[in-house]
Amino acid sequence: MQTPTYLAEQLRLPTNALDYTLMAIYFAVVLGIGFAARRSVRTSLDFFLSGRSLPAWITGLAFVSANLAATEILGMAANSAQYGAYTVHWYWIGAIPAMVFLGLVMMPFYYGSKVRSVPEFLLLRFDRWAHLLSSALFAFAAVLIAGVNLYALAIVVEALLGWPQWLAIVVAGFFVLAYITLGGLSSAIYNEVLQFFVILAALIPLTVLGLKKAGGWGGLTDSLTAGHGHHFVTAWGGTGIGSANPLGANWLTIVLGLGFVLSFGYWTTNFAEVQRALSAKNLSAARRTPLIAAYPKIFIVFLVMIPGLVAAALVPGIGTSGSDLQYNDAIPYLMQELLPNGVLGIAVTGLLAAFMAGMAANVSSFNTVFTNDIWARYVVEGREDAYYVRFGRVVTVLGVLVSIGTAFLASSFSNIMSYLQTLFSFFNVPMFVVFIVGMFWKRASAKSGFWGLLAGTVTAMVNYFVLYKRDIVPLPTDQGANFVSAIAGFVAGAVVMVIVSLFTAPKPELQGLVHGTTSPGMSEAPAAGDDAWYRRPALLGWGALVLAAACYIPFSF
């Protein structure tokens, strides 16, 4: 059992009236966006998918902001303080290739089939059992991840501002509830665009001042090399099979476990992300959504990794039994040490914005899946459209309340990102193998989807809770165990799908879902005359891959 994630009490920030004024302005704007978006909500399509009317640049920024939650900020900074420069793998190999694959390959399947959610695609490709299981697993995972955001928010605000945990949860929960209930997905997306810039305004000063405090990049790497060894500041050092390194994983588990299975499982099947692309105004805009998001994603790693490295250099024993600071304290510690009032208010607002963005993304996707894929499909069918809009608003309240109840499940992890990666290996990876086999193997039978999803989920959980937690298979770190769980779940799901398909009949009618056939009127290309380079998905995708690969060069020696 890991040390709990409570932040050190001495991290209280010297906030003043200016800082609280900036926070109040932000919350007022958030509610204003909710009221403005409410005017556009007339149908369930408007409430759950913004009427499929949003431009690519809006959905692209919302796509990256929905992922840039405070759990990502605190978790990746904690990752860097604990593991060093290996954190770049979560971005350049663990995100960019999968985002490009989603945009170029998978969005034609999703958008072209006119589904309202990722689980609904499984209903069209497989059967009701695969659809129901995937809907239930996703809804459960969504409230778990929203709960992580709420828990992290509560402990951070308590430590930094002195607010009681219940007050922080109530305030954040109220504002997320308010603007999603008012304006549906449109409100969440426009707020995520605002939150993206607020988060950058918080992280950039922290990164610049942190580097200055550590003596620049050269001084920082010299200090970390002296205290942690050379591998701590390289991406691939010590990752040979059989070699020891801080991450506890070799290049094969990094490439297969993180770079393929966990990454593709998360980015291509996580409806909290895909929902943003499905709200785009046409297929071309939907395909460009993750590709536009890939470019800021490439560079955001520096804004979360460098503060973690700086904290590791300034507090050499951080995260150990001899220190009062946990790895999760890296960002709050630097905020306290480096930021003046005013800038401090922006930084705190940025953290609050990040928590709310992550929570809102999961709550908005939860209400869509629970309403459309569970309630309207299996409980109350055939009601008027207005009924499902009202029910969706009620489910939003339910999602927030359940998230509060799941928040404290994260308390046994000293590294929030380890907890999230554990959830992804359980829920996203099995979903991915079912999707990938179902889309590219026409022979996969209707029944194979359910059994492949079940086998992948159970195998990943058994590997983590039984083989790893009981030390049956020696794995040095939680992250290494997550990579192995992801690989095991993927392989088990694929093998079971093949076996079941060989003994059951294939689905006779795939409705254009195999090999990327799109529905009528769903053209992949931009309109005639609209051929600017930044509207070409293939060019955007290959550009992102080349740029991400080039970023590895300075960290490879």
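Remember, it's a predicted structure, so these values are computed and weren't measured experimentally. These numbers come from the heavy atoms of this one structure, side chains and all, not from hydrogens, waters or symmetry mates.
Contact record, Ser403 with Gly399: OG-O, 2.7 Å, taken as the closest heavy-atom pair. In terms of heavy atoms, Ala460 sits closest to Ser425 at CB-O, 3.5 Å. Scanning all heavy atoms of the two residues, the minimum distance from Leu309 to Gly84 falls at CD2-CA, 3.7 Å. Across all their heavy atoms, Phe366 and Ala142 have their closest contact at CB-CB, 4.0 Å. In terms of heavy-atom proximity, Ala544 sits nearest to Tyr295 at N-OH, 3.1 Å. Here the closest heavy-atom approach between residue Ser65 and residue Phe196 is recorded as OG-N, 3.7 Å.
With sequence neighbours left out, Ser485 forms a side chain to side chain donor-acceptor pair (under 3.5 Å) with Asn463. Checked against side-chain contact (heavy atoms from CB on, under 4.5 Å), Ser187 has the following partners two or more places apart in sequence or in another chain: Ile33, Ala37, Tyr179, Asn191. Taking Ala214 as the reference, Leu220, Val310 meet the side-chain contact (heavy atoms from CB on, under 4.5 Å) condition, with sequence neighbours excluded. Partners of Tyr190 under the side chain to side chain donor-acceptor pair (under 3.5 Å) rule, at least two apart in sequence or in another chain, do not exist in this structure. With sequence neighbours excluded, the residues forming a side-chain contact (heavy atoms from CB on, under 4.5 Å) with Leu177 are Thr181, Thr396, Val397, Val400, listed by chain and number. Residues meeting the side-chain contact (heavy atoms from CB on, under 4.5 Å) test with Trp542, sequence neighbours left out: Leu545. With sequence neighbours excluded, no residue forms a side chain to side chain donor-acceptor pair (under 3.5 Å) with Ser279.
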Worked check of side chain to side chain contact (heavy atoms under 4.5 Å, CB included) between Phe138 and Val118: CA-CA 9 Å; Phe138 176 81; Val118 169; over 6 Å; no

Given the rule in the side chain to side chain contact (heavy atoms under 4.5 Å, CB included) test, do Leu211 and Trp217 qualify, once you have shown the distances and angles that lead to the verdict? CA-CA 6 Å; Leu211 270 178; Trp217 181 252; 4.1 Å; yes

Pair Tyr333-Leu314, side chain to side chain contact (heavy atoms under 4.5 Å, CB included): steps then yes or no: CA-CA 10 Å; Tyr333 169 77; Leu314 298 183; 4.2 Å; yes

I would like to know whether Leu278 and Met107 meet side chain to side chain contact (heavy atoms under 4.5 Å, CB included); could you show each step before the answer? CA-CA 8 Å; Leu278 289 178; Met107 282 316 301; 4.0 Å; yes

Stepwise ring pair (Phe, Tyr, Trp, His ring centres under 6.0 Å) check, Phe426 with Phe465: CA-CA 11 Å; Phe426 293 167; Phe465 289 118; 5.4 Å; yes

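Asn79 is not listed as a side-chain neighbour of Tyr327, based on a closest heavy-atom distance of 4.5 Å or more. Taking 4.5 Å as the limit, some side-chain heavy atom of Leu68 sits within range of a side-chain heavy atom of Ile73. In this structure, Tyr26 and Thr21 have side chains that are not in contact, with every pair of non-hydrogen atoms separated by 4.5 Å or more. Using a 4.5 Å cut-off on side-chain heavy atoms (C-beta onward), Leu291 and Leu104 make contact. Using a 4.5 Å heavy-atom threshold, the side chains of Thr207 and Pro307 count as touching. At least one side-chain heavy atom of Ser364 sits less than 4.5 Å from a side-chain heavy atom of Arg276. Contact of the Leu352 side chain with the Phe27 side chain is registered, since non-hydrogen atoms from C-beta on lie closer than 4.5 Å. Leu256 has its side chain out of reach of Phe483: every pair of non-hydrogen atoms, C-beta onward, lies at least 4.5 Å apart.
Within the structure, salt bridge (Lys or Arg N to Asp or Glu O under 4.0 Å) contacts touching residues 310-320 (residues at least two apart or in different chains) do not occur. Within the structure, no pair that satisfies the salt bridge (Lys or Arg N to Asp or Glu O under 4.0 Å) test touches residues 221-232, not counting sequence neighbours. For residues 341-358, the side-chain hydrogen bond (donor to acceptor under 3.5 Å, both in side chains) pairs, not counting sequence neighbours, are Asp19-Asn341. Under the salt bridge (Lys or Arg N to Asp or Glu O under 4.0 Å) criterion, the residue pairs touching residues 293-321 are Glu72-Lys297, with sequence neighbours excluded.
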Would you list the atom pairs, donor with acceptor, under 3.5 Å between side chains in residues 258-275 and any protein atom, with sequence neighbours excluded?
from	atom 1	to	atom 2	distance (Å)
Ser263	OG	Gly94	O	2.8
Tyr266	OH	Asn67	ND2	3.0
Tyr266	OH	Asn270	ND2	3.4
Tyr266	OH	Glu273	OE2	3.0
Trp267	NE1	Gly94	O	3.4
Thr268	OG1	Phe264	O	2.3
Thr269	OG1	Gly265	O	2.5
Asn270	OD1	Ala272	N	3.4
Glu273	OE2	Asn67	N	3.3
Gln275	OE1	Ser365	N	3.4
Gln275	NE2	Phe48	O	3.0
Gln275	NE2	Thr368	OG1	2.9

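Gln336 CD to Asp329 CG: the interatomic distance, rounded to the nearest 0.5 Å, is 10.0 Å. Atom CD1 in Ile58 sits 10.0 Å away from atom CD1 in Ile292 (nearest 0.5 Å). For the atom pair Glu192 CD and Thr59 OG1, the distance stands at 11.0 Å (nearest 0.5 Å). For the atom pair CZ of Arg288 and CH2 of Trp57, the computed distance is 13.0 Å after rounding to the nearest 0.5 Å. Summarising the geometry, atom CD1 belonging to Ile189 is positioned 3.5 Å from atom CG belonging to Leu185; distances are rounded to the nearest 0.5 Å.
When each of Ile298, Ile96, Val301, Val88 is tested with Cys551 by the rule side-chain contact (heavy atoms from CB on, under 4.5 Å), just one qualifies, namely Ile298.
Between the Ser80 side chain and the Met76 main chain, a donor and an acceptor come within less than 3.5 Å of each other. Using a distance-only test at 3.5 Å, with no hydrogens or angles considered, a donor-acceptor pair links the side chain of Ser50 to the main chain of Ser186.
Taking the six-membered ring where the residue is Trp, the centroids of Phe555 and Tyr86 are separated by 6.0 Å or more. Ring centroid separation for the pair Trp92 and Phe302 comes in under the 6.0 Å cut-off. For Trp236 and His89, the ring centers are positioned less than 6.0 Å apart.
Around the OH atom of Tyr20, the shell of radius 6.0 Å holds more than 12 heavy atoms that belong to other residues, nucleotides or ligands.
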